[in-house]
Engineer: 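Following this message is one structure expressed as structure tokens.
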Amino acid sequence: MPEVASVLYGREDIRRRVEELGRTIAGDHAGREPVLVTVLKGGAVFLADLIRCIDLPVQTHFMAISRYGDAEESHGRVKILLDVDADLTGRDVLLVEDIVDTGLTSRYLSSVLRSRGAASVELCTLLDKSVRRIVPLVPRYIGFDCPDRFVVGYGLDFAERYRNLPDILQVEDLEALRHDPDILTTMLATA
Ligand code: IMP
Ligand code: MG
């Protein structure tokens with residue numbers, strides 16, 4: 001039987017890359033105190049590891065959003081369920097995302113953060129599905145340039161499952177996963 005999913009980025013690759021990103025971000029922001037804003041829930045795992053690799057004072061804030069249908073239909077506009085509860089005037093904001101796909105969500109959230117008076121708003125994403133981009137948006141910090149495959153693990157879900165997988169898996173058989181969303185639970189047992 002062909003595998004439903006396979007490891008795309010293993011936990012060691014992720015750890016090394018997150019460390020590199022943290023060092024680069026710290027170097028680029030030396031002497032400043034960046035505000036890291038993460039979108040729940042997917043970004044939480046990445047943020048937790050990333051901030052421990054940034055040797056600078058940082059602030060962390062969370063946003064939660066709900067989509068009106070899919071990103072393309074809504075042009076990336078989302079309903080903000082949880083908002084940053086700090087004054088961003090004059091601050092250097094880093095929007096931390098698990099994955100940028102079409103780019104619509106990140107573009108919308110960046111514009112929201114800019115409208116709060118931030119001095120700068122930059123984007124850091126663990127995964128960049130750049131081939132799927134429909135708006136011109138290039139994140140400043142990218143963990144991995146991700147192939148056009150559905151991925152789960154390390155914060156990323158399918159129907160709220162698999163965020164706790166330590167590796168990032170690419171789904172080989174999306175039909176099988178749609179049919180049985182729990183089909184990958186054996187991957188959790190062996191993780
Ligand atoms: P977009 O860049 O506006 O298209 O939306 C990106 C959002 O879609 C991400 O924050 C994820 O919630 C979701 N997403 C896109 N691709 C994947 C994937 O491969 N696995 C899990 N979620 C994904
Ligand atoms: Mg999701």
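Just so you know, residue 1 is the first one in the sequence shown, and it goes up from there. Just follow the structure's listing: the first ligand is 1, and inside any ligand the first atom is 1.
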Engineer: Show the atoms of ligand 1 that are less than 4.0 angstrom away from any heavy atom in R149.
Structural biologist: 19 (O)
Engineer: Is it true that R161 and D182 make a salt bridge, defined as a side-chain N closer than 4.0 Å to a carboxylate O?
Structural biologist: yes
Engineer: Run the salt-bridge test on R15 and E12 with the 4.0 Å N-O cut-off and return the result as yes or no.
Structural biologist: yes
Engineer: Under a 4.0 Å N-O cut-off, is there an ion pair linking D145 with K129?
Structural biologist: no
Engineer: So, is D157 polar-close to ligand 1, with some N/O to N/O distance under 3.5 Å?
Structural biologist: no
Engineer: Looking only at heavy atoms of R133, does any of them come nearer than 4.0 Å to an atom of ligand 1?
Structural biologist: no
Engineer: Under 4.0 Å from any heavy atom of L156, which atoms of ligand 1 are there?
Structural biologist: 21 (C), 22 (N)
Engineer: Contact between ligand 1 and R163 is defined here as a heavy atom of the residue under 4.0 Å from a ligand atom; is it met?
Structural biologist: no
Engineer: Under 4.0 Å, counting heavy atoms only: does G103 come that close to any atom of ligand 1?
Structural biologist: yes
Engineer: What do we get for R67 next to ligand 1 when only non-hydrogen atoms under 4.0 Å count, side chain, backbone, both or neither?
Structural biologist: side chain
Engineer: For V151 and I99, work out which heavy atoms get closest and say how close.
Structural biologist: CG2-CD1, 3.9 Å
Engineer: Atoms of ligand 1 less than 4.0 Å from D98 heavy atoms?
Structural biologist: 10 (O)
Engineer: So, regarding S106 and ligand 1 (criterion: nitrogen or oxygen to nitrogen or oxygen, under 3.5 Å), is there a contact or not?
Structural biologist: no
Engineer: Answer yes or no for K129: is there a heavy-atom contact with ligand 1 below 4.0 Å?
Structural biologist: yes
Engineer: Using distance alone, determine whether V151 and ligand 1 share an N or O pair under 3.5 Å.
Structural biologist: yes
Engineer: Does V152, backbone or side chain, put an N or O under 3.5 Å from an N or O of ligand 1?
Structural biologist: no
